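Keep in mind that this is a model prediction, so the values were computed, not measured. Read the numbers this way: they start at 1 and go in the same order the structure lists the ligands and their atoms.
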Amino acid sequence: MSGGKDTYPSAESREQLWQALIDGDETRAVTVVRRALDTGAAERVLLELIAPAQERVGLAWAANDITVAQEHAATSISERCVAAVADATAPSLEDAVAGRVLVACVDGEWHALPARLVSEVLRLRGWRVDYLGAQVPTEHLIAHVHRTGAQAVLLSSSIPTLLPGAHQAIGACRSVGVPVLAGGAAFGPQGRYARLLRAEWAKDASAAAALLGRNPTRTRAQAVRLPEQDLPHLNDQEYTMVCKTKPQLVKQTLVDVEEGFPAMRHYSAFQLDRTVEDIDFVVSYLATALYVDDAGLFHRFITWTADILAARGVPPWCLLPALESLLTQLKDFPRATGILGAARHLLTPPGPAQLA
Ligand code: B12
């Protein structure tokens, strides 16, 4: 095996870890990680071996190359691998000289592994970390900030539809004078939504450690702000109306889509549930795009969904009737119709052969 930090982690160990993950072989995966720890720094094992393997799991699931169960198994094994690194390097609390921070996922967020990786890297860098894991309700987050006297809160989110909740959590932290550093895919390319919601952003744990190294300090408590004070476009009420009427929007879209696809009448209960879930997702992403006033958020979601459908043999143009239905239902909302109208152009309409 190639050693030394320069060639680290080797392509061989990356491939071995990947194989162990998709084979669901926890013992083998942990052995690969332990061996990697013998030849390289723990931080690199976390961020350059375990994290990329987990990202590859996501790509393989999206491409329909592995099952949902395999993806779940692989994630559990990755968590075990992170724990193996933590066990092997466990600093004592006395070693935590840099300060104390809190790491948590925003309310509703199940993707805990990214936050765990961030926590372990910060521990290695000498921080005392209170890691609260997945979906932390804002009131409990704040209560814990008070209890621990954390210098900063690090918030993780992978799912953009949770951004309004993240905004609330960021506002609540600022109102008690604690700076927030946000990270994860939800915060958009180069963290553009983090800044919009008045948080700092870091692309990964190493960048977060560098920012924290400048020693964030608590500021004076700031007055609680309403969402529209940060985001004046919310005054047009489009976001609020789409959220309020979401059940009706989903129901009517389902009716309209079924009219366009008579084959749907023969769908099994399972297929129907998935379709409702997909439409629910479309409306939720539209609402979030209205919240941050960025059509790109919705368009990236539509492109992502189109790829997921295509990988499963479902033609992406199936999304068009849902977009058309929403365009009709939301005809009086200029920002929503602008976003939906542009999204139509991302999908190639069916040719005559596909419609036959
Ligand atoms: C494992 C997984 C799950 C597991 C999570 C279990 C767990 N314990 O974490 C389960 C099965 C629960 C799950 C559920 C869902 N998932 Co999922 N999941 C994944 C997967 C495969 C891996 C996540 C991961 O660990 N990534 C590896 C880490 C290392 O990468 P990362 O997230 O980018 O984190 C790095 C940086 O962003 C940054 N960072 C992250 N957080 C923070 C925080 C701070 C403060 C800082 C500074 C930095 C930072 O540092 C990290 C380390 O370098 C991803 C695919 C992917 N590419 O990530 C999908 C993925 C995130 N999931 C996805 C989806 C859609 C879902 C579901 C909605 C599916 C469903 N229909 O139910 C639900 C959502 C549930 C919810 N409400 O949260 C989509 C999201 C797409 C989108 N456009 O929104 C993805 C991208 C899958 C895909 N390829 O399409 N999922």
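Under 4.0 Å from ligand 1, the heavy atoms of T75 that appear belong solely to its side chain. Contacts of R300 with ligand 1, taken as heavy-atom pairs under 4.0 Å, are absent altogether. Contacts between L117 and ligand 1, counted as non-hydrogen atom pairs separated by less than 4.0 Å, involve the side chain only. By the criterion of a heavy-atom distance under 4.0 Å, neither the backbone nor the side chain of L59 is placed next to ligand 1. Contact annotation for A202 and ligand 1: heavy atoms of both the backbone and the side chain come within less than 4.0 Å of the ligand.
Ligand 1 is approached by K203 to a heavy-atom distance shorter than 4.0 Å. Residue contact check for ligand 1: R116 places no non-hydrogen atom closer than 4.0 Å to it. Ligand 1 lies less than 4.0 angstrom from a heavy atom belonging to P160. By the 4.0 Å heavy-atom criterion, Y285 is counted among the residues contacting ligand 1. Within the 4.0 Å heavy-atom shell around ligand 1 one finds W61.
Defined by atom type and a distance below 3.5 Å, a donor-acceptor pair is present between the side-chain atoms of S206 and E43. Between T328 and S325, the side chains place no donor N or O within less than 3.5 Å of an acceptor N or O (distance only, hydrogens not considered). Looking only at atom types and distance, the side chain of Q271 has no donor-acceptor partner in the side chain of T275 under 3.5 Å away. A side-chain donor from one of D294 and Y193 sits under 3.5 Å from a side-chain acceptor of the other.
E26 contributes no side-chain N or O that, together with a main-chain N or O of I77, makes up a donor-acceptor pair within less than 3.5 Å. H233 contributes no side-chain N or O that, together with a main-chain N or O of E238, makes up a donor-acceptor pair within less than 3.5 Å. The backbone N or O of E48 lies less than 3.5 Å from no partner atom in the side chain of R44, so there is not a single donor-acceptor pair. Of the possible donor and acceptor atoms, one in the side chain of Q70 sits under 3.5 Å from a partner among the backbone N and O of T67. Using modelled atom types, one side-chain atom of E109 and one backbone atom of I159 make a donor-acceptor pair closer than 3.5 Å. Counting only distance, with no hydrogens or angles, the side chain of T245 and the backbone of Q248 share no donor-acceptor pair below 3.5 Å. With hydrogens and angles ignored, the 3.5 Å screen pairs a side-chain donor or acceptor of N235 with a backbone N or O of P232.
The nearest heavy-atom contact from the protein to atom 11 (C) of ligand 1 is H72 CE1, 3.3 Å. From the protein, the heavy atom lying nearest to atom 21 (C) of ligand 1 is G58 CA, 3.4 Å. For atom 65 (C) of ligand 1, the nearest protein heavy atom (residue, atom name, distance) is W304 CH2, 3.6 Å. E79 OE2, 2.7 Å is the protein heavy atom nearest to atom 8 (N) of ligand 1. Among protein heavy atoms, atom 39 (N) of ligand 1 sits closest to G184 N, 3.5 Å. Nearest non-hydrogen protein atom to atom 25 (O) of ligand 1 is Q54 CG, 3.2 Å. Distance from atom 34 (O) of ligand 1 to its nearest protein heavy atom, with residue and atom name: P114 CB, 3.5 Å. Nearest protein heavy-atom neighbour of atom 64 (C) of ligand 1: I159 CD1, 3.9 Å.
Every atom of ligand 1 with a heavy atom of A208 under 4.0 Å away is listed here by number and element: 47 (C). Atoms of ligand 1 found under 4.0 Å from any heavy atom of V118 (numbered from 1 in listed order, with element): 42 (C), 46 (C), 48 (C), 49 (C). Atoms of ligand 1 found under 4.0 Å from any heavy atom of E109 (numbered from 1 in listed order, with element): 78 (O). Close approach of ligand 1 to A62 (heavy-atom distance below 4.0 Å) involves ligand atoms 89 (N). Applying the 4.0 Å criterion to heavy atoms of L181 picks out, from ligand 1, the atoms 45 (C). Of all the atoms in ligand 1, the ones that sit under 4.0 Å from a non-hydrogen atom of L154 are 45 (C). For ligand 1, the atoms sitting less than 4.0 Å from at least one non-hydrogen atom of S156 are 40 (C), 41 (N), 42 (C), 43 (C), numbered in the order shown with element in parentheses.
Counting protein heavy atoms under 4.0 angstrom from atom 67 (C) of ligand 1 gives zero. Put simply, atom 58 (O) of ligand 1 has no protein non-hydrogen atoms near it, under 4.0 Å away. Atom 45 (C) of ligand 1 lies below 4.0 Å from at least one non-hydrogen atom of the protein. For atom 4 (C) of ligand 1, the nearest protein heavy atom lies closer than 4.0 Å. Using a 4.0 Å threshold on non-hydrogen atoms, atom 54 (C) of ligand 1 does not count as touching the protein. For atom 89 (N) of ligand 1, a protein heavy-atom neighbour is found at a distance under 4.0 Å. Remark: atom 1 (C) of ligand 1 lies closer than 4.0 Å to at least one protein heavy atom. Checking atom 13 (C) of ligand 1 against the protein gives a heavy-atom contact under 4.0 Å.
Judged by the 6.0 Å distance and 45° axis criteria, R116 is positioned over the aromatic ring of Y131. Cation-pi contact between R335 and F333: absent, since separation from the ring centre below 6.0 Å together with deviation from the ring axis within 45° is not met. For R312 and W61, the positive end sits near the middle of the six-membered ring, less than 6.0 Å away and at most 45° from its axis.
An N or O contact shorter than 3.5 Å links A112 to ligand 1 by distance. Considering backbone and side-chain N/O of F281, none are found under 3.5 Å from N/O of ligand 1. Ligand 1 has an N or O atom lying under 3.5 Å from an N or O atom of W110, backbone or side chain. Residue D204 places no N or O, backbone or side chain, under 3.5 Å from any N or O of ligand 1.
Electrostatic pairing of E15 and R56 counts as a salt bridge here, judged by a charged N lying under 4.0 Å from a carboxylate O. Contact check on E200 versus R195 returns no salt bridge, with no Lys/Arg side-chain nitrogen under 4.0 Å from an Asp/Glu carboxylate oxygen. Classification of K246 and D280 as a salt-bridged pair holds, one side-chain N sitting under 4.0 Å from a carboxylate O.
Taking CG of L226 as the reference point, atom CG of L231 lies at 11.0 Å (rounded to 0.5 Å).
Taking only non-hydrogen atoms, the option from Q135, H111, E277, E71 nearest to atom 73 (C) of ligand 1 is H111. Between atom 43 (C) of ligand 1 and the options S157, G183, A51, G108, the minimum heavy-atom separation is to G183.
Exactly one of I50, V45, L49 qualifies for a side-chain contact (heavy atoms from CB on, under 4.5 Å) with C81. That residue is I50. The only option from V118, L102, V129 that meets the side-chain contact (heavy atoms from CB on, under 4.5 Å) definition with L154 turns out to be V118.
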| field | Pair Q54-T75, side-chain hydrogen bond (donor to acceptor under 3.5 Å, both in side chains): steps then yes or no | value | CA-CA 7 Å; Q54 186 62 19; T75 305; 3.0 Å; yes
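Between Y291 and H167, the distance separating the two ring centers is shorter than 6.0 angstrom.
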